[in-house]
Structures are given as structure tokens and as C-alpha cells.
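So the structure is just underneath, and the comments pick up after that.
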Amino acid sequence: MTNVLMARNIRKTYVSGHQAINGVSISIQKGECVGIVGESGSGKSTLARCLLMLEKLDEGEIFLHDQPLHLMTKREIRKIRHRMQAVFQHPASALNPKRKIIDSTMEVLDTYPNITPVYLQDVRDHRELCAKRLLEMVGIESRYLYCYPHELSGGQKQRIVIARAISIQPSVIIFDEPTASLDVYTQGQILTLLKELQEQLELSYLFISHDLPAVYFLSERIFVMKEGIFVDSFKKDDLFSQHRHPYTKKLVNLFEG
Amino acid sequence: MKIIKQTYQMNSQSLLFILVFAYFLAIVIAPLFTPHDPLQINMNERLLKPSEEHLFGTDHLGRDLFSRILTGGQVTVGTGLLVLIIVLLVGVPLGMVSGFIGGRFDRYFMRIIDSFMAFPDFIIAIVLSGILGPSMLNLIFAIVVAKWGSYARLVRSTVLSEKEKDYVLMAVVNGLSAFQIIRKHLLPHVMGNVLVLATLDFGKIILMIASLSYIGLGAQPPTPEWGAMLNESTPYVQSSPHLMIIPGIAIMCTVLISNLVGDVLRDRFDVKG
């Protein structure tokens with residue numbers, strides 16, 4: 001198995017002195033979904049931002065396909081940005097309200113005109129067909145192509161964001177609470193869609209959420225984060241084992257009760 | 001009822017834009033059709049009342065006022081547009097960069113703008129063109145210096161709030177360069193507000209040019225500039241009031257049109273203030 005993304009001993013302290021992440025290591029293999037579960041303020045989002053190189057690391061190493069991101073300049077990182085995509089919590093603010101759906105969907109493909117994903121090979125030189133195919137893949141009708149984001153519902157917007165994330169066939173997609181701002185019914189639909197896409201396109205996911213059932217549904221390996229460190233890590237099937245960390249047991253009880 | 005109201009609004013708006021278009025077209029092509037040479041002095045025909053030959057009469061040097069008004073439109077409105085374009089070219093990029101970079105650079109930059117904005121526009125323009133000496137070029141420079149700050153400030157505040165939003169973050173993740181983010185994401189957000197401010201400001205700039213020319217700091221004789229024409233007509237207010245009234249109406253029309261269009265644009269772009 002090859003590591004797609006590997007992070008070693010990441011530390012991040014904010015200017016305010018708050019230590020958000022205190023030595024975290026994680027690796028994601030090809031075609032695998034790794035879940036991170038933790039409460040608000042446990043440093044999950046900061047970890048996502050660090051892995052995406054949106055924050056400067058205080059300490060630690062990040063390798064994307066054995067390329068050391070922590071040693072690269074911004075310009076060098078930009079050349080391989082397409083290998084790492086992200087979906088954040090608020091679909092409403094992840095889409096520019098002044099840009100049409102087709103432009104938002106095609107943003108990555110427009111930025112990297114020389115890269116062609118396998119599933120877009122036959123339509124790559126036709127921008128509209130490309131966008132149509134992507135919307136189809138996430139279950140959005142193509143009549144929305146020339147609409148603006150405010151004409152879509154929250155769930156639809158999140159599907160557009162997902163379409164953009166898969167558009168370039170990235171090595172890994174980092175999800176930071178992708179379902180937290182959606183209603184329960186839509187949450188289920190989005191999770192199912194993510195699972196289908198992962199199996200079809202053989203994507204690797206890092207799925208970060210406070211929602212243990214959602215993480216359990218998608219992930220093969222689960223990390224439990226608390227106060228900036230991983231307190232527990234295990235394979236999916238071992239979630240209910242007796243050897244779990246007390247905090248993990250507490251979380252399980254929370255969702256079972 | 002609603003449909004009627006909407007069509008009425010649509011029509012009154014399109015009417016306004018047609019008027020504006022016609023107005024600018026008139027200003028551009030009018031000097032080609034002046035009945036007399038606007039600079040031709042004729043002492044035998046000075047201070048004539050409006051007649052068929054001289055539609056608006058003649059001034060104290062016997063020059064045809066109608067021709068001078070038409071030519072003066074190009075000087076006043078043309079200078080106004082030039083000032084506005086330079087102000088936009090200076091203010092928008094500087095505000096954009098300051099807001100985008102943020103941090104210490106932004107703080108210093110804002111203090112510079114604050115020090116400009118601490119004085120009324122008009123005082124800065126008078127002092128600068130007074131120091132530099134009366135000429136059209138200095139006038140343009142003076143008004144640009146007085147005006148650019150408010151545009152930089154407007155753009156900077158919009159960029160500052162927009163750049164924190166997730167879609168800018170996503171654009172970084174999607175591999176866009178800073179320049180691409182500014183061009184594709186931030187500029188469209190800024191342009192609506194800037195357009196409204198610019199249209200409303202255009203009238204003020206015209207007034208400034210006319211006022212500075214009136215006190216002798218802008219256009220110099222014999223240039224037919226509306227403000228300068230007002231100045232020349234001062235001694236003859238009582239005997240030939242049309243010399244002052246007609247350039248005054250020309251200035252008023254321009255400012256009024258600018259304000260009306262600005263209001264329409266403001267409603268359309270839904271800008272507060």
C-alpha cells in the first residue's frame with residue numbers, strides 16, 4: 001500500500017497562545033477513507049487547514065505522494081494543489097455568489113488545463129459537457145449550470161462543492177464537517193453520495209466530523225481527537241471493543257443513548 | 001398592477017440611459033457642428049443678446065456663446081472623465097492590494113489614506129493647484145490626489161470582508177494564484193460598489209473642475225471651460241445675465257444626470273449609503 005498523504009508530528013499554536021494541535025501524525029493510503037472524530041475546539045479544523053497548507057506549521061512534516069509539502073514554497077505547492085481537494089462546512093460561503101455554477105464547478109479544471117481525469121477524458125476539451133458530466137456525477141440536473149448559487153438549496157450547493165472537489169481526480173479529498181450545516185435527511189444523501197463516489201472513482205478521503213455515526217459509516221480507520229492530540233485510533237470494526245479509550249466510549253454512549 | 005409598475009420603472013430607467021447616451025454623444029460630436037469658431041474674437045459684436053445668428057448671444061469679446069458652450073462640454077466633461085479614470089486606476093488596485101495583503105502594510109496604508117481624508121476634498125484640491133500653479137494638468141493632479149483615497153478605502157473594506165470567506169480559501173486550495181483570486185473572485189465583488197460611487201462622484205468632480213476654473217486655478221483663457229466662462233462673465237451679471245446663466249445650466253444638467261444615474265445604479269446594485 002502506498003501512502004497518499006502522510007503527516008508526522010504536526011504542531012500548531014495560534015498567535016493568541018492557544019495550542020490547537022499538539023503533535024499529531026496521520027497517514028492515508030490509496031483508496032482509503034480515514035475518519036477523525038472530535039468535539040468542537042478539539043483542533044480538527046485546524047488540522048484540516050494545516051494539511052491543506054493553508055496555515056503555517058510550527059513543527060512537523062507533511063508528505064503528499066512522498067513530496068515534502070512543508071519544505072516547498074507557495075509557488076511549488078500551487079503546482080500540485082490539484083492532488084489535494086477540500087470540502088468545508090458551509091457550502092453557501094464556499095461558492096462565490098457572483099459566479100455561475102458552471103464557473104464554480106470548473107474552477108479547478110480551468111486552473112489546471114493540462115490535467116485530464118480518466119472519467120472526463122472524452123469531454124475534456126468541451127467545457128460545458130465537462131461541467132454537465134460532473135453535475136450528473138453528484139446528482140444535480142444540468143439546467144442549474146447557468147444559475148447562481150442563491151438559486152440552489154444547501155444540499156445542492158454542497159453537491160456542487162463536491163463536484164468541484166472530484167473534478168480533477170485528486171489523490172485525497174479532505175472533508176471538514178461537510179454535513180454539519182445540512183438537515184438530517186440531506187446529510188444521509190450526501191454521505192451515501194460520498195461513499196458511492198469513493199468506490200467508483202477509487203478516491204482517498206480524510207473525513208473530519210463531530211458526528212460519530214457519519215464517520216463510522218464512511219471510514220475504515222478512525223482517529224479520536226481531543227485537545228489537539230489523537231487519544232485513540234482503531235479500525236472501524238473495533239469501535240465497540242472493550243479496549244477503547246474512555247473518551248471514545250463516552251462518545252459512543254453519547255450517540256447510542 | 002405590478003407588471004405595469006415594473007414596465008414603467010424599466011422604461012423610465014431605459015429612458016434615463018438613452019438620455020445619458022444622447023448627452024455624451026452630443027458632447028463628443030457637438031464641437032464638429034459649432035456654428036462659429038469658439039475662439040474667434042469680434043469686438044463689433046460683443047455682449048449681444050440671444051438671436052438667430054447667435055443662439056445664446058455673445059460674450060464680452062464677441063465670441064459666440066453657443067459654440068463656446070458646446071466646445072466647453074468636451075473640456076469640462078472630458079476632464080471629469082479623465083480624472084475619474086485616473087482615480088479608479090490608482091484607488092482600486094491600491095485598495096485591493098492593501099486589503100488583500102492585510103497586516104502591517106494595510107495598517108500603514110490606511111493611516112496614509114486617513115491623513116488624506118482628514119481634509120475636505122476641495123481644500124486639498126485648492127491648495128495643491130494653488131501651489132502647483134494654474135493649469136489644467138495640475139488641476140487634474142490635484143483632484144486625483146483629493147479623490148483616490150475614498151476609492152481605495154471602499155475597495156479595501158470590501159476585500160477585507162470578502163477574503164475571509166470560504167470561497168477565497170477554496171480558491172487557494174484549488175490552486176489559483178493571488179492575481180487570479182483578485183481577478184476572478186474579488187474584482188466582481190468590488191466593481192458594483194465602485195461603479196455606483198464613481199457615477200455619484202462624477203457630478204462632484206465636474207463641480208470641482210468648474211469651481212477651480214472659476215477661481216482661476218484650472219482652465220486658462222481663452223479655453224472655453226464652463227467654470228472659466230462663469231468667471232469671465234462676472235463683471236457683466238447685471239447687463240448680460242445670460243452669460244452666467246447658460247454655463248450654469250450646462251454644469252447643473254451634467255451634475256444632475258450624474259446623480260440620477262448614480263441613484264439608479266445604487267438601487268440596482270443594492271448598495272447601502
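Values in this document were obtained by computation on a predicted structure and should not be read as measured data. Residue numbers begin at 1 in each chain, while the letters A, B, ... track the order of the sequences.
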Would you say that more than 12 heavy atoms from the other residues, nucleotides or ligands in this model lie under 6.0 Å from the CD of E76(A), or not?
yes

Taken to the nearest 0.5 Å, the spacing of D110(A) CG from Q180(B) CD works out to 9.5 Å

- Task: Evaluate whether atom OH of Y119(A) has more than 12 neighbouring non-hydrogen atoms of other residues, nucleotides or ligands under 6.0 angstrom away.
- Result: yes

Surrounding CZ of F119(B) (heavy atoms of other residues, nucleotides or ligands, distance under 6.0 Å), is the total greater than 12?
no

Comparing K165(B), E162(B), K184(B) against chain A, the one with the most heavy-atom pairs below 4.5 Å turns out to be K184(B)

### Task
Please check if atom CG in L71(A) has more than 12 non-hydrogen atoms from other residues, nucleotides or ligands closer than 6.0 Å.
yes

Those residues of residues 82-109 of chain A that come under 4.5 Å of chain B on a heavy-atom basis, listed by number, are M84(A), Q85(A), A86(A), F88(A), H90(A), S93(A), A94(A), L95(A), N96(A), P97(A), K98(A), R99(A), E107(A), V108(A)

Pair count under 4.5 Å, heavy atoms only, with chain B: among L54(A), L52(A), I174(A), V161(A), highest is L54(A)

If one checks every heavy atom of R75(A) against chain B at 4.5 Å, the contacting part turns out to be neither

ask   = Hey, does V172(B) have a side-chain heavy atom less than 4.5 Å from the side chain of R81(A)?
value = yes

